[in-house]
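Source: prediction; values computed, not measured. Order of listing sets the numbers, starting from 1, for every ligand and every atom in it.
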Amino acid sequence: MIEFGYARAGSAGDAIGLAGRHAGAKFLGGGTNLVDLMRETIEAPEFLVDVTALSQRIEAREDGGLVIGAAARNTAVAENRAVRERFPVLSRAILAGASGQIRNMASVGGNIMQRTRCLYFYDDAARCNKRCPGSGCDAIDGFNRMHAILGASPSCVATHPSDMCVALAALDAVLVLEGPQGTRRLPMLDFHRLPGGRPDIETALAPGELITAVELPPLSFGTHSAYRKVRDRSSYAFALVSVAAALDVAEGQVRDVRLALGGVAHKPWRALKAEAALRGRPATAESFRAAAEAELADAAPLSQNGFKPELARRTIVAVLEDLA
Ligand code: SF4
């Protein structure tokens with residue numbers, strides 16, 4: 001048995017103080033990923049700081065935005081009326097993830113911090129640069145059907161597993177981070193990293209920092225948004241490809257659009273090339289296909305996931321056609 005310490009924090013300051021006083025500490029939310037990693041001995045924190053008592057508040061701002069406490073449960077966010085009315089893509093993305101029981105436990109902060117589900121990462125007999133830097137990557141020539149086609153590196157081809165984060169990336173979410181140096185705000189798009197030569201470094205979090213809230217800025221056409229997840233079975237499966245989109249069409253032209261992809265990269269993939277290709281264009285299947293082609297032009301599939309680029313293109317087109 002591996003022993004570890006445990007304390008429940010009453011506030012963000014309390015949590016940061018506890019983590020600072022215990023070497024090898026980790027923050028514990030709903031535990032739906034970290035506890036699995038500890039059981040598999042992939043993670044072995046010496047001390048757990050339970051942050052489930054921190055803010056679970058979901059505040060609808062008068063300007064049309066939202067602030068979500070990082071300890072809010074995934075189910076509470078998906079069911080929240082303001083979330084469903086202002087940003088249905090976020091509610092849909094959360095409901096596409098995991099099972100009802102897991103969504104009841106999982107927190108927003110923990111969902112953002114969850115780690116890849118690459119099989120080799122969980123197998124300590126396998127070579128994995130993320131788990132053991134410098135050891136190699138068994139996925140590159142192994143079972144890589146679920147793996148990345150965009151932004152990968154020779155060190156790691158893993159994907160980020162979250163659905164919720166794909167919607168947050170599309171919605172220009174901003175993370176509120178608190179740590180020993182104070183509070184800062186970081187765009188969601190800058191939080192998760194591409195693997196490069198250090199796939200073990202997954203986020204821009206500084207030592208001792210904690211996600212305390214997620215801010216969603218107002219988006220007038222956020223009401224007109226959707227999430228589609230393509231997977232091997234209809235529930236409790238990770239995405240082969242997913243698409244989060246919000247679309248603003250006026251007189252047959254795309255006035256504005258937000259688009260992000262899941263299941264294709266080491267981080268939620270904001271489809272900025274496709275967005276640029278769509279603004280001012282007719283809201284037609286031809287425009288949507290051209291935008292999808294632009295976004296996937298640099299796709300580099302592996303030995304077992306050559307289907308993913310076309311699956312991503314078709315899913316983008318289907319979601320945008322529905323919204324248009
Ligand atoms: Fe490890 Fe990344 Fe390779 Fe998977 S893809 S084995 S997580 S280095």
Side-chain angles (χ1 to χ4, degrees), residues 2 24 26-27 29 31-45 97-98 102 106 109-166 169 188-205 229-233 236-242 260-270 296 298-312:
I2 299 172
K26 282 228 162 212
F27 297 117
T32 56
N33 186 214
L34 180 56
V35 172
D36 283 349
L37 290 163
M38 290 171 67
R39 284 193 184 118
E40 300 286 340
T41 67
I42 306 303
E43 298 238 24
I102 290 175
N111 190 318
I112 295 167
M113 290 300 296
Q114 69 177 298
R115 307 194 70 187
T116 185
R117 297 315 198 275
C118 172
L119 293 175
Y120 301 103
F121 177 63
Y122 287 78
D123 176 1
D124 62 10
R127 296 179 305 153
C128 173
N129 286 320
K130 186 182 285 296
R131 176 171 35 76
C132 184
S135 63
C137 170
D138 274 344
I140 288 175
D141 295 316
F143 294 105
N144 51 39
R145 183 168 181 273
M146 301 295 292
H147 287 67
I149 55 169
L150 292 167
S153 77
S155 296
C156 179
V157 292
T159 52
H160 194 269
S162 171
D163 294 291
M164 183 191 79
C165 290
V166 184
M188 180 76 182
L189 297 184
D190 297 333
F191 183 76
H192 294 104
R193 295 179 70 253
L194 289 176
R198 291 297 306 270
D200 54 313
I201 304 173
E202 296 172 344
T203 73
L205 269 184
K229 178 176 181 178
V230 184
R231 49 188 157 173
D232 283 326
R233 55 177 190 265
Y236 202 46
F238 293 99
L240 293 165
V241 164
S242 68
L261 307 178
V264 296
H266 196 256
K267 60 185 284 184
W269 188 266
R270 179 70 176 267
L296 274 300
D298 295 331
L302 301 161
S303 58
Q304 297 181 355
N305 66 6
F307 63 93
K308 274 199 179 188
E310 181 59 13
L311 184 62

Just checking, any donor-acceptor pair under 3.5 angstrom between side chains of Asn144 and Ser303? yes
Going by heavy-atom distance to atom 3 (Fe) of ligand 1, choose the closest among Ala158, Pro199, Cys137. Cys137
More than 12 heavy atoms from other groups under 6.0 Å of OH on Tyr236: no
If you have a sec, work out which protein heavy atom is nearest atom 4 (Fe) of ligand 1 and how many Å separate them, to one decimal? Cys118 SG, 2.3 Å
Which residue in the set His147, Lys308, Met146 passes side-chain contact (heavy atoms from CB on, under 4.5 Å) when paired with Leu302? His147
Side chains of Arg198 and Ser155, heavy atoms from C-beta outward: is any pair under 4.5 Å? no
Please state which part of Cys128 comes within less than 4.0 Å of ligand 1, counting heavy atoms only: side chain, backbone, both or neither. both
Atoms of ligand 1, numbered as shown, that sit under 4.0 Å from any heavy atom of Cys156: 2 (Fe), 5 (S), 8 (S)
Which atoms of ligand 1 sit under 4.0 Å from any heavy atom of Tyr120? 6 (S)
Would you say Ser155 contacts ligand 1, with heavy atoms under 4.0 Å as the rule? yes
Tell me whether Arg145 is salt-bridged to Asp232, with the criterion being a basic N under 4.0 Å from an acidic carboxylate O. yes
